[in-house]
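Excluded from the calculations below are hydrogen atoms, water molecules and symmetry mates; all remaining heavy atoms, backbone and side chain alike, are included.
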Amino acid sequence: MTVELGTPSPQLLPRVVETLRGWQDESAPLHLHPGDLGWYWRLGTDAAAAAVRTWSRDDEVVAIGLLDGPDALRMTVAPGAWQDDDVAQQVVADVCDPVRGVLPDGAVVVEAPHATRVHELLGERGWGAGGPWTPLRRDLTDPVEVDGLHVEVVEAGRTAEFTAVHRAAWGNERFTDEVWQTMAAGSAFVDARCLLGRDAAGVPVAGVTVWSAGPGRPGLLEPMGVHAAHRGSGYGRRICLAAAAELRALGSSSALVCTPTANVTAVATYRSAGFQPEPERLDRTRG
(Lines give C-alpha, C1' and ligand atoms only; values in the text may rest on other atoms or scores of the structure.)
Protein backbone atom coordinates (compact mmCIF):
# COMPACT_ATOMS: atom_id res chain seq x y z
CA MET A 1 0.00 0.00 0.00
CA THR A 2 1.16 3.53 -0.77
CA VAL A 3 2.46 5.73 2.06
CA GLU A 4 1.11 9.23 1.52
CA LEU A 5 2.39 12.55 2.84
CA GLY A 6 -0.09 15.07 4.21
CA THR A 7 -0.56 18.23 6.27
CA PRO A 8 -3.53 18.22 8.65
CA SER A 9 -6.12 20.95 8.64
CA PRO A 10 -6.48 22.92 11.89
CA GLN A 11 -9.67 20.96 12.55
CA LEU A 12 -7.80 17.64 12.30
CA LEU A 13 -4.82 18.68 14.42
CA PRO A 14 -6.37 17.39 17.69
CA ARG A 15 -6.64 13.96 16.06
CA VAL A 16 -2.90 14.03 15.29
CA VAL A 17 -2.18 14.96 18.90
CA GLU A 18 -4.31 12.05 20.12
CA THR A 19 -2.51 9.66 17.77
CA LEU A 20 0.88 10.84 19.00
CA ARG A 21 -0.32 10.48 22.58
CA GLY A 22 -1.05 6.81 21.94
CA TRP A 23 2.47 6.24 20.60
CA GLN A 24 4.16 7.14 23.88
CA ASP A 25 5.44 4.07 25.68
CA GLU A 26 7.70 3.51 28.65
CA SER A 27 9.78 0.95 26.76
CA ALA A 28 10.64 3.38 23.94
CA PRO A 29 13.34 6.04 23.97
CA LEU A 30 12.28 9.67 24.08
CA HIS A 31 10.77 10.69 20.76
CA LEU A 32 8.32 13.27 19.43
CA HIS A 33 5.76 13.89 22.19
CA PRO A 34 2.33 15.55 22.15
CA GLY A 35 3.90 18.16 24.41
CA ASP A 36 6.19 19.19 21.55
CA LEU A 37 3.12 19.98 19.46
CA GLY A 38 1.50 21.60 22.49
CA TRP A 39 4.41 23.97 23.02
CA TYR A 40 4.47 24.86 19.31
CA TRP A 41 0.74 25.62 19.55
CA ARG A 42 1.61 28.92 21.24
CA LEU A 43 2.11 30.25 17.71
CA GLY A 44 -1.55 29.58 16.92
CA THR A 45 -3.65 26.67 15.69
CA ASP A 46 -3.16 27.50 12.02
CA ALA A 47 0.62 27.77 12.43
CA ALA A 48 0.80 24.53 14.40
CA ALA A 49 -1.21 22.63 11.79
CA ALA A 50 0.90 24.05 8.95
CA ALA A 51 4.06 22.85 10.73
CA VAL A 52 2.88 19.23 11.05
CA ARG A 53 3.47 16.52 8.46
CA THR A 54 1.83 13.11 8.54
CA TRP A 55 2.52 9.93 6.59
CA SER A 56 -0.47 7.60 6.21
CA ARG A 57 -1.03 4.14 4.79
CA ASP A 58 -4.53 2.89 4.14
CA ASP A 59 -5.89 5.91 6.11
CA GLU A 60 -3.76 5.02 9.15
CA VAL A 61 -1.11 7.50 10.30
CA VAL A 62 2.26 5.73 10.44
CA ALA A 63 4.62 8.69 10.96
CA ILE A 64 4.32 12.24 12.30
CA GLY A 65 6.71 15.15 11.94
CA LEU A 66 6.91 18.70 13.29
CA LEU A 67 8.75 21.41 11.40
CA ASP A 68 10.50 23.10 14.30
CA GLY A 69 11.65 25.98 12.11
CA PRO A 70 12.09 26.06 8.32
CA ASP A 71 15.13 23.76 8.27
CA ALA A 72 14.45 21.24 11.06
CA LEU A 73 12.07 18.29 11.14
CA ARG A 74 11.38 16.46 14.40
CA MET A 75 9.59 13.21 13.66
CA THR A 76 8.68 9.77 14.90
CA VAL A 77 7.07 6.59 13.62
CA ALA A 78 4.15 4.48 14.81
CA PRO A 79 5.26 1.77 17.29
CA GLY A 80 4.70 -1.08 14.87
CA ALA A 81 6.49 0.64 11.99
CA TRP A 82 9.86 1.67 13.45
CA GLN A 83 11.66 -0.77 11.16
CA ASP A 84 9.16 -0.66 8.30
CA ASP A 85 11.22 -0.10 5.16
CA ASP A 86 8.29 1.08 3.04
CA VAL A 87 7.48 3.81 5.54
CA ALA A 88 11.12 4.81 5.85
CA GLN A 89 11.70 4.90 2.11
CA GLN A 90 8.75 7.24 1.58
CA VAL A 91 9.59 9.50 4.54
CA VAL A 92 13.20 9.85 3.40
CA ALA A 93 12.16 10.46 -0.21
CA ASP A 94 9.80 13.24 0.90
CA VAL A 95 12.38 14.75 3.24
CA CYS A 96 15.08 14.78 0.55
CA ASP A 97 12.91 16.36 -2.17
CA PRO A 98 12.26 20.10 -1.59
CA VAL A 99 9.32 19.95 -3.98
CA ARG A 100 7.45 17.74 -1.49
CA GLY A 101 7.14 20.63 0.95
CA VAL A 102 8.81 19.08 3.97
CA LEU A 103 12.31 20.58 4.03
CA PRO A 104 14.01 23.04 1.68
CA ASP A 105 17.18 22.43 -0.28
CA GLY A 106 20.49 23.01 1.49
CA ALA A 107 21.47 22.52 5.12
CA VAL A 108 18.71 20.83 7.13
CA VAL A 109 18.26 18.64 10.22
CA VAL A 110 16.04 15.62 10.89
CA GLU A 111 15.43 14.32 14.40
CA ALA A 112 14.27 10.70 14.27
CA PRO A 113 14.65 7.97 16.91
CA HIS A 114 17.86 5.99 16.47
CA ALA A 115 15.99 2.69 16.48
CA THR A 116 13.92 3.63 13.45
CA ARG A 117 14.64 2.65 9.86
CA VAL A 118 14.23 6.36 8.98
CA HIS A 119 17.32 7.26 11.00
CA GLU A 120 19.29 4.38 9.52
CA LEU A 121 18.25 5.14 5.94
CA LEU A 122 19.19 8.80 6.20
CA GLY A 123 22.67 7.66 7.26
CA GLU A 124 22.83 5.31 4.29
CA ARG A 125 21.92 8.25 2.05
CA GLY A 126 24.94 10.17 3.30
CA TRP A 127 23.37 12.33 6.00
CA GLY A 128 25.84 13.03 8.79
CA ALA A 129 25.47 13.19 12.56
CA GLY A 130 24.54 16.44 14.26
CA GLY A 131 25.44 17.64 17.72
CA PRO A 132 24.60 15.24 20.57
CA TRP A 133 21.53 15.61 22.77
CA THR A 134 21.06 13.99 26.17
CA PRO A 135 17.61 12.56 26.98
CA LEU A 136 16.91 12.14 30.69
CA ARG A 137 14.17 10.21 32.44
CA ARG A 138 12.91 10.10 36.02
CA ASP A 139 10.85 7.10 37.11
CA LEU A 140 7.63 8.12 38.88
CA THR A 141 6.79 4.90 40.68
CA ASP A 142 7.55 6.48 44.06
CA PRO A 143 6.35 9.83 45.42
CA VAL A 144 8.49 12.88 44.65
CA GLU A 145 9.47 15.16 47.52
CA VAL A 146 9.69 18.91 46.86
CA ASP A 147 11.11 21.27 49.47
CA GLY A 148 12.30 24.85 49.66
CA LEU A 149 9.96 26.15 46.96
CA HIS A 150 6.31 27.16 46.96
CA VAL A 151 4.77 25.84 43.75
CA GLU A 152 1.42 26.80 42.25
CA VAL A 153 -0.43 25.79 39.11
CA VAL A 154 -0.85 28.72 36.75
CA GLU A 155 -4.45 29.48 35.82
CA ALA A 156 -6.01 31.56 33.08
CA GLY A 157 -6.19 35.20 34.08
CA ARG A 158 -3.22 34.81 36.44
CA THR A 159 -0.37 34.26 34.03
CA ALA A 160 1.61 37.51 34.19
CA GLU A 161 4.20 36.33 36.72
CA PHE A 162 4.70 33.01 34.94
CA THR A 163 5.23 34.57 31.52
CA ALA A 164 7.56 37.17 33.08
CA VAL A 165 9.72 34.40 34.57
CA HIS A 166 9.86 32.66 31.21
CA ARG A 167 10.93 35.85 29.43
CA ALA A 168 13.63 36.49 32.02
CA ALA A 169 14.84 32.89 31.94
CA TRP A 170 15.12 32.65 28.17
CA GLY A 171 15.84 36.29 27.25
CA ASN A 172 12.83 36.15 24.96
CA GLU A 173 10.19 38.86 25.00
CA ARG A 174 7.77 36.99 22.73
CA PHE A 175 6.15 34.80 25.42
CA THR A 176 3.34 37.10 26.51
CA ASP A 177 0.10 36.43 28.36
CA GLU A 178 -1.68 36.35 25.00
CA VAL A 179 0.73 33.71 23.72
CA TRP A 180 0.12 31.63 26.86
CA GLN A 181 -3.64 31.85 26.26
CA THR A 182 -3.19 30.65 22.68
CA MET A 183 -1.11 27.69 23.88
CA ALA A 184 -3.58 26.82 26.64
CA ALA A 185 -6.46 26.78 24.13
CA GLY A 186 -4.85 23.93 22.17
CA SER A 187 -6.05 20.36 22.55
CA ALA A 188 -2.60 19.21 23.71
CA PHE A 189 -2.91 21.40 26.79
CA VAL A 190 -5.80 19.38 28.22
CA ASP A 191 -3.35 17.24 30.22
CA ALA A 192 -0.71 19.94 30.68
CA ARG A 193 0.14 22.19 33.60
CA CYS A 194 2.27 25.31 33.97
CA LEU A 195 3.96 25.54 37.37
CA LEU A 196 5.31 28.71 38.97
CA GLY A 197 7.86 28.45 41.78
CA ARG A 198 8.28 31.12 44.46
CA ASP A 199 11.04 31.58 47.00
CA ALA A 200 10.49 31.99 50.73
CA ALA A 201 9.63 35.66 50.24
CA GLY A 202 7.02 34.87 47.60
CA VAL A 203 9.12 36.11 44.69
CA PRO A 204 8.57 34.21 41.41
CA VAL A 205 11.88 32.50 40.59
CA ALA A 206 11.24 29.54 38.26
CA GLY A 207 8.69 28.05 35.92
CA VAL A 208 8.05 24.86 33.98
CA THR A 209 5.38 23.42 31.71
CA VAL A 210 4.62 19.70 31.93
CA TRP A 211 2.75 17.67 29.34
CA SER A 212 1.06 14.39 30.21
CA ALA A 213 0.36 11.83 27.48
CA GLY A 214 -2.17 10.06 29.69
CA PRO A 215 -1.99 7.63 32.60
CA GLY A 216 0.75 5.03 32.36
CA ARG A 217 2.68 6.92 29.69
CA PRO A 218 5.77 9.14 29.89
CA GLY A 219 5.21 12.86 30.43
CA LEU A 220 7.42 15.71 29.20
CA LEU A 221 9.00 18.87 30.62
CA GLU A 222 8.99 21.58 27.93
CA PRO A 223 10.26 24.16 28.75
CA MET A 224 11.85 24.78 32.17
CA GLY A 225 13.57 27.99 33.19
CA VAL A 226 14.91 29.90 36.20
CA HIS A 227 14.68 33.68 36.33
CA ALA A 228 18.06 35.13 35.33
CA ALA A 229 18.23 37.12 38.57
CA HIS A 230 17.75 34.04 40.76
CA ARG A 231 20.09 31.43 39.34
CA GLY A 232 22.58 29.52 41.46
CA SER A 233 20.23 28.91 44.40
CA GLY A 234 18.96 25.45 43.49
CA TYR A 235 15.62 26.60 42.10
CA GLY A 236 16.17 24.67 38.87
CA ARG A 237 16.44 21.40 40.78
CA ARG A 238 13.37 22.21 42.87
CA ILE A 239 11.13 23.19 39.96
CA CYS A 240 12.16 19.97 38.17
CA LEU A 241 11.15 18.00 41.25
CA ALA A 242 7.84 19.87 41.26
CA ALA A 243 7.38 19.03 37.58
CA ALA A 244 7.98 15.34 38.27
CA ALA A 245 5.54 15.40 41.19
CA GLU A 246 2.87 17.05 39.04
CA LEU A 247 3.29 14.52 36.24
CA ARG A 248 3.02 11.70 38.78
CA ALA A 249 -0.23 13.24 40.03
CA LEU A 250 -1.46 13.25 36.42
CA GLY A 251 -0.70 9.53 36.18
CA SER A 252 2.50 9.66 34.14
CA SER A 253 4.83 6.68 34.41
CA SER A 254 7.97 8.79 34.06
CA ALA A 255 9.11 12.34 33.41
CA LEU A 256 11.20 13.04 30.31
CA VAL A 257 13.35 15.93 29.20
CA CYS A 258 16.03 16.43 26.56
CA THR A 259 18.81 19.00 26.31
CA PRO A 260 21.94 19.53 24.22
CA THR A 261 24.77 17.54 25.77
CA ALA A 262 26.94 20.66 25.55
CA ASN A 263 24.61 22.38 28.04
CA VAL A 264 26.35 20.75 30.99
CA THR A 265 24.58 23.02 33.50
CA ALA A 266 21.15 21.86 32.35
CA VAL A 267 22.20 18.20 32.37
CA ALA A 268 23.56 18.61 35.91
CA THR A 269 20.35 20.30 37.05
CA TYR A 270 18.15 17.50 35.78
CA ARG A 271 20.43 14.86 37.24
CA SER A 272 20.31 16.59 40.62
CA ALA A 273 16.52 16.20 40.48
CA GLY A 274 16.78 12.44 39.96
CA PHE A 275 16.60 12.36 36.17
CA GLN A 276 18.84 9.65 34.74
CA PRO A 277 20.63 10.23 31.43
CA GLU A 278 19.89 7.81 28.60
CA PRO A 279 22.02 7.14 25.50
CA GLU A 280 22.85 10.29 23.57
CA ARG A 281 20.79 11.12 20.51
CA LEU A 282 22.34 12.37 17.29
CA ASP A 283 20.21 14.14 14.71
CA ARG A 284 20.75 13.53 10.99
CA THR A 285 22.09 16.54 9.11
CA ARG A 286 22.52 17.41 5.45
CA GLY A 287 25.14 20.07 4.89
Short question: side chain of [X], backbone of [Y] - any donor-acceptor pair under 3.5 Å?
{"X": "R281", "Y": "P113", "result": "no"}
{"X": "R271", "Y": "P277", "result": "no"}
{"X": "R117", "Y": "V87", "result": "no"}
{"X": "R238", "Y": "S233", "result": "yes"}
{"X": "Q83", "Y": "A115", "result": "yes"}
{"X": "D58", "Y": "E60", "result": "no"}
{"X": "D68", "Y": "A72", "result": "no"}

Nearest-0.5 Å distance, [atom1] of residue [X] to [atom2] of residue [Y]:
{"X": "R248", "Y": "D139", "atom1": "CZ", "atom2": "CG", "value": "9.5 Å"}
{"X": "D46", "Y": "W41", "atom1": "CG", "atom2": "CH2", "value": "10.5 Å"}
{"X": "L12", "Y": "T54", "atom1": "CG", "atom2": "OG1", "value": "9.0 Å"}
{"X": "L66", "Y": "L73", "atom1": "CG", "atom2": "CG", "value": "7.5 Å"}
{"X": "D59", "Y": "E4", "atom1": "CG", "atom2": "CD", "value": "8.0 Å"}
{"X": "S272", "Y": "L241", "atom1": "OG", "atom2": "CG", "value": "7.5 Å"}

Where at least one partner belongs to [range], residue pairs that pass side chain to side chain donor-acceptor pair (under 3.5 Å), sequence neighbours excluded:
{"range": "residues 7-16", "value": "T7-R53, S9-Q11"}
{"range": "residues 258-270", "value": "T134-T261, T261-E280"}
{"range": "residues 21-38", "value": "E18-R21, R21-D191, D25-S27, E26-R137, E26-S253, E26-S254, H31-T76, D36-R74"}

Geometric class of the W39/F175 ring pair [parallel <30°, tilted 30-60°, perpendicular >60°]: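 If you compare the ring of F175 with that of W39, the planes turn out tilted.
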
Audit row: V165, L196, side-chain contact (heavy atoms from CB on, under 4.5 Å) steps and yes/no: CA-CA 8 Å; V165 166; L196 178 66; 4.0 Å; yes

Could you state whether [X] and [Y] fall into the same hydrophobic cluster, counting links through intermediate Ile, Leu, Val, Met, Phe, Trp or Tyr residues with side-chain heavy atoms under 4.5 angstrom apart?
{"X": "L136", "Y": "W133", "value": "no"}
{"X": "L282", "Y": "L122", "value": "no"}
{"X": "V153", "Y": "V144", "value": "yes"}
{"X": "Y40", "Y": "L103", "value": "no"}

Does the side chain of [X] reach to within under 4.5 Å of the side chain of [Y], using non-hydrogen atoms?
{"X": "V16", "Y": "I64", "result": "yes"}
{"X": "V52", "Y": "L13", "result": "yes"}
{"X": "P279", "Y": "H114", "result": "no"}
{"X": "L37", "Y": "L32", "result": "yes"}
{"X": "D84", "Y": "V3", "result": "no"}

Any side-chain donor near an acceptor of the partner, T176 and W180, under 3.5 Å: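 On atom types as modelled, these side chains do not qualify, holding no pair under 3.5 Å.
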
Polar contact flag, side-chain donor to acceptor under 3.5 angstrom, Q90-D94: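 Result is yes, a qualifying pair exists.
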
Output side-chain donor-acceptor pairs under 3.5 Å for residues 214-229, partner residues at least two apart or in another chain, one line each.
from: R217; atom 1: NH1; to: A213; atom 2: O; distance (Å): 3.1
from: H227; atom 1: ND1; to: A229; atom 2: N; distance (Å): 3.0

Worked verdict on E111 versus D283 for side-chain contact (heavy atoms from CB on, under 4.5 Å): CA-CA 5 Å; E111 172 197 308; D283 297 339; 3.6 Å; yes

Residues forming a salt bridge (charged side-chain N to carboxylate O under 4.0 Å, His left out) with E178, sequence neighbours excluded: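 Per chain and number, E178 pairs via salt bridge (charged side-chain N to carboxylate O under 4.0 Å, His left out) with no residue.
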
Worked verdict on L121 versus T116 for side-chain contact (heavy atoms from CB on, under 4.5 Å): CA-CA 9 Å; L121 187 57; T116 61; over 6 Å; no

Residue pair R138 / A244: nearest heavy atoms and the distance that separates them: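 R138 and A244 have their closest heavy atoms at CD-CB, 4.1 Å.
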
Which atom of V210 lies closest to which atom of A243, heavy atoms considered: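 The pair with the smallest heavy-atom distance is CG1-CB, 3.4 Å.
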
Pairs touching residues 190-226 that satisfy ring-ring contact (aromatic ring centres under 6.0 Å, His included), sequence neighbours left out: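 Checked against ring-ring contact (aromatic ring centres under 6.0 Å, His included) - neighbours excluded - the pairs reaching residues 190-226 are F189-W211.
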
Test side-chain contact (heavy atoms from CB on, under 4.5 Å) applied to W55 and V118, step by step: CA-CA 12 Å; W55 285 266; V118 172; over 6 Å; no

